[in-house]
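What you are looking at is a predicted structure, and each value in this text was computed from that prediction instead of being measured. Basis for what follows: all heavy atoms, side chains included, without hydrogens, waters or symmetry-related copies.
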Amino acid sequence: MEKAGKLTAIAISFLLAVSAALFGQNRTADSARIVSPPYLSVIDADTVLYQIEPLCEVDSVTLFLFHSGNQTDTLVTLHHPPYKHRVALDPNLPDHDQLHFQFGYILYHKNGTSIVSPPLGHRWVLHRSQQKPSDQIYICREIIEPDSIVIDGELEEMWNRAAVENIGSKAQFRLLWSSSTLYFAITVSDSSVTPRDFVELHIDMHKTRSHFAGINHRSIRFGPLSRSYALGVDLKSGAFKPSDSIRYRIREEMKWRYALTENGYLIEAAIPFTVLSDYEFPPERFGLNVSVVNRDEGMEGYDFYSWSGSQYYNRYSPAGWGTIVLRQGMFPLKLVMILFGIISVGIASFIVIYSIHQSSLNRKYESEEQRHPSPTTSLVLSAIETHHSEPHLTLQKVSKLCSLTPEEIKSSLQSDMETTFERLLLFTRISAAKKQMRTPEITLDEVAERCGFSTPEQFSKGFSEIMSVPPERYFKAVLEELEEDEQE
């Protein structure tokens with residue numbers, strides 16, 4: 001498979017070189033629209049339909065799929081629309097590899113120019129193993145005197161209070177925390193330290209366990225003979241866009257040092273919580289993973305080690321990370337932290353409420369104080385809240401219940417809430433469904449029926465539209481949260 005992939009990659013390179021030499025070549029992602037699979041879709045089957053719609057006149061189209069680095073999974077050239085191809089996915093492809101799982105194309109324009117799509121990573125992800133999230137847990141102790149840890153590449157006595165976690169036989173790491181900072185130290189056994197060796201710390205402060213790393217996730221790379229590198233991703237319209245502001249803040253505010261040892265190397269870092277998420281004060285538990293990559297000189301591949309059990313190509317997927325639990329120290333310090341947390345939450349709440357009022361249409365529905373609805377809108381809201389469980393609730397029926405004309409309802413909702421009747425009804429039903437999902441014994445079909453959806457398919461489509469996640473995965477996350485709360 002690897003040899004065939006390399007040969008196919010060479011064939012693609014040859015095609016591109018010939019096209020560039022004879023006709024000229026452009027590289028852009030704006031000349032075709034990828035119809036299937038949709039952006040940010042999770043693929044859980046052994047085949048997938050790949051289809052594009054060129055936005056210019058073409059003679060033919062070449063479709064291909066890159067994955068797992070430089071491997072090519074399939075290649076086909078089509079001369080007539082529709083430009084689509086059923087791709088059979090290799091069962092050995094690693095799950096959650098959203099960085100390298102890339103659908104690509106070459107458009108051969110009628111004027112002789114070839115148009116090549118750039119790498120389109122972080123838009124699709126495989127998830128076929130149905131594995132449960134990692135059950136690895138790290139209990140992180142609080143330090144009362146943060147100044148007792150100096151980031152100098154040496155492990156002071158204070159580090160002896162931290163729990164030691166092994167990553168196979170390759171490395172050991174430790175974590176401590178204060179009210180403002182996460183402290184990280186790792187010792188790696190390596191007989192030949194090179195600039196290609198590195199350690200990565202992965203943080204998911206919101207504990208989303210999502211398939212795609214996004215704006216709330218951090219992956220920080222430390223190299224004993226190279227610079228540190230922070231990965232912050234902002235997903236907009238399905239595009240992979242590194243967030244320069246996140247990377248800059250981590251680089252400027254994080255302190256870290258390395259030291260070479262007799263048996264390998266050591267990394268020590270102090271990372272403010274404010275650069276790890278939008279939280280001013282950390283939650284009690286959040287997502288965590290630590291991975292180590294060893295690449296010796298002359299070595300074609302690499303050795304990979306992960307604390308949570310993730311693989312090399314899916315190490316950036318929060319779905320496979322473990323959990324860190326913060327344990328607080330002395331009671332007086334707890335009071336200080338609680339006071340600090342209240343102040344921080346107050347400031348953060350003001351910012352969030354202001355942001356909601358300015359830009360979030362969906363969340364406007366959740367806050368009566370932000371809407372200030374007119375009597376007409378209040379009457380409509382009450383009717384929808386009372387009758388949303390009826391599958392055949394329509395604008396005409398609500399107009400009769402409220403003794404209003406459909407035009408009056410439309411005008412009032414648009415003026416007060418900048419929305420439509422259909423959108424408001426859908427949001428009300430989804431809000432009710434989220435409450436129903438906190439009952440472990442209920443099924444999704446029952447949720448759909450109780451909340452007024454005619455079919456489970458209608459419920460799934462509406463839920464995904466509002467929440468940007470399928471109801472099955474949201475329900476699973478809620479059940480996990482309830483289970484964790486019960487265990488605590």
Side-chain angles (χ1 to χ4, degrees), residues 5 8-9 12 15 27-68 71-109 114-130 210-214 233 235-241 313-314 317 319 455-474:
T8 310
I12 291 176
L15 284 172
R27 189 175 180 85
T28 175
D30 299 329
S31 296
R33 184 173 71 91
I34 296 181
V35 178
S36 175
Y39 288 163
L40 297 184
S41 59
V42 178
I43 300 170
D44 57 6
D46 293 327
T47 64
V48 60
L49 178 64
Y50 177 29
Q51 180 177 359
I52 71 170
E53 288 183 355
L55 302 180
C56 59
E57 294 184 352
V58 298
D59 284 326
S60 59
V61 168
T62 295
L63 304 178
F64 50 84
L65 170 64
F66 288 133
H67 66 86
S68 308
Q71 298 298 312
T72 303
D73 188 61
T74 188
L75 172 65
V76 63
T77 299
L78 305 171
H79 298 276
H80 305 285
Y83 299 106
K84 61 181 178 179
H85 180 68
R86 174 66 63 174
V87 182
L89 301 174
D90 188 333
N92 296 317
L93 287 182
D95 277 6
H96 300 121
D97 179 14
Q98 72 266 30
L99 288 182
H100 304 94
F101 192 67
Q102 304 170 3
F103 291 92
Y105 57 80
I106 307 173
L107 306 181
Y108 300 99
H109 197 277
S114 62
I115 304 172
V116 184
S117 67
L120 300 175
H122 214 74
R123 301 192 179 195
W124 305 276
V125 63
L126 286 175
H127 181 55
R128 300 172 299 179
S129 64
Q130 303 302 321
S210 63
H211 293 286
F212 292 92
V233 178
L235 289 176
K236 293 182 178 178
S237 300
F240 175 92
K241 179 183 179 182
Y313 286 120
N314 60 37
S317 175
T455 64
E457 290 76 19
Q458 185 191 52
F459 168 55
S460 179
K461 181 179 179 181
F463 194 95
S464 299
E465 177 185 346
I466 295 296
M467 300 300 297
S468 298
V469 65
E472 295 82 6
R473 292 193 174 85
Y474 182 89

Rounded to the nearest 0.5 angstrom, the CZ-OG distance for Arg473 and Ser210 is 10.5 Å
Under the side-chain contact (heavy atoms from CB on, under 4.5 Å) test, residues paired with Pro94 that sit two or more places apart: Ser68, Asp97, Tyr313
What one should report as the nearest heavy-atom pair of Leu107 and Cys56 is CD1-SG, 4.2 Å
Separation between OH of Tyr83 and OG1 of Thr62, rounded to the nearest 0.5 Å: 11.0 Å
Which residues pass the salt bridge (Lys or Arg N to Asp or Glu O under 4.0 Å) test with Glu53, sequence neighbours left out? Arg33
Working to the nearest 0.5 Å, report the span between CD of Gln102 and CZ of Phe64. 9.5 Å
Minimum heavy-atom distance His96-Val125, with the two atoms named: CA-CG2, 3.1 Å
With rounding to the nearest 0.5 angstrom, report the CD1 to OG distance, Ile52 to Ser117. 8.0 Å
Can you name the residues that form a side-chain contact (heavy atoms from CB on, under 4.5 Å) with Gln51, not counting sequence neighbours? Val35, Ser36, Leu49, Pro82, Lys84
Quick check: closest heavy atoms across Ser41 and Phe212, and the distance to 0.1 Å? O-CZ, 3.9 Å
Between atom CG of Leu93 and atom CD1 of Ile43, what is the distance when rounded to the nearest 0.5 Å? 10.0 Å
Hey, mind stepping through Leu63 and Tyr105 against side chain to side chain contact (heavy atoms under 4.5 Å, CB included) and telling me if it holds? CA-CA 5 Å; Leu63 304 178; Tyr105 57 80; 4.0 Å; yes
What pair of heavy atoms forms the shortest contact from Asp95 to Arg128, and how long is it? OD2-N, 2.8 Å
If the condition is side-chain contact (heavy atoms from CB on, under 4.5 Å), which residues does Pro456 pass it with, not counting sequence neighbours? Asp445
Can you name the nearest heavy-atom pair linking Val42 to His211, along with the distance? CG2-CD2, 3.7 Å
Report the residues that fulfil side chain to side chain donor-acceptor pair (under 3.5 Å) with Asp59, sequence neighbours left out, ordered by chain and then residue number. Lys110
Is there side-chain contact between Ser464 and Pro471, with heavy atoms separated by less than 4.5 Å? yes
With sequence neighbours excluded, tell me which residues meet side chain to side chain donor-acceptor pair (under 3.5 Å) with His85. none
Nearest 0.5 Å please: distance from the CG atom of Asp90 over to the NE2 atom of His67. 6.5 Å
What are the two closest non-hydrogen atoms of Ser114 and Ile106, and how far apart are they? CB-CG2, 4.2 Å
Does Phe103 have any ring pair (Phe, Tyr, Trp, His ring centres under 6.0 Å) partners at least two apart in sequence or in another chain, and if so, which? Tyr50, Phe101, Trp124
Let me see the working for Leu89 and Asp46 under side chain to side chain contact (heavy atoms under 4.5 Å, CB included), right down to the final yes or no. CA-CA 5 Å; Leu89 301 174; Asp46 293 327; 5.5 Å; no
List for me each residue that meets side-chain contact (heavy atoms from CB on, under 4.5 Å) alongside His79, sequence neighbours excluded, and say none if there are none. Ser60, Thr77
Return the set of residues passing ring pair (Phe, Tyr, Trp, His ring centres under 6.0 Å) with Tyr474 (not counting sequence neighbours), or none when no residue passes. Phe463
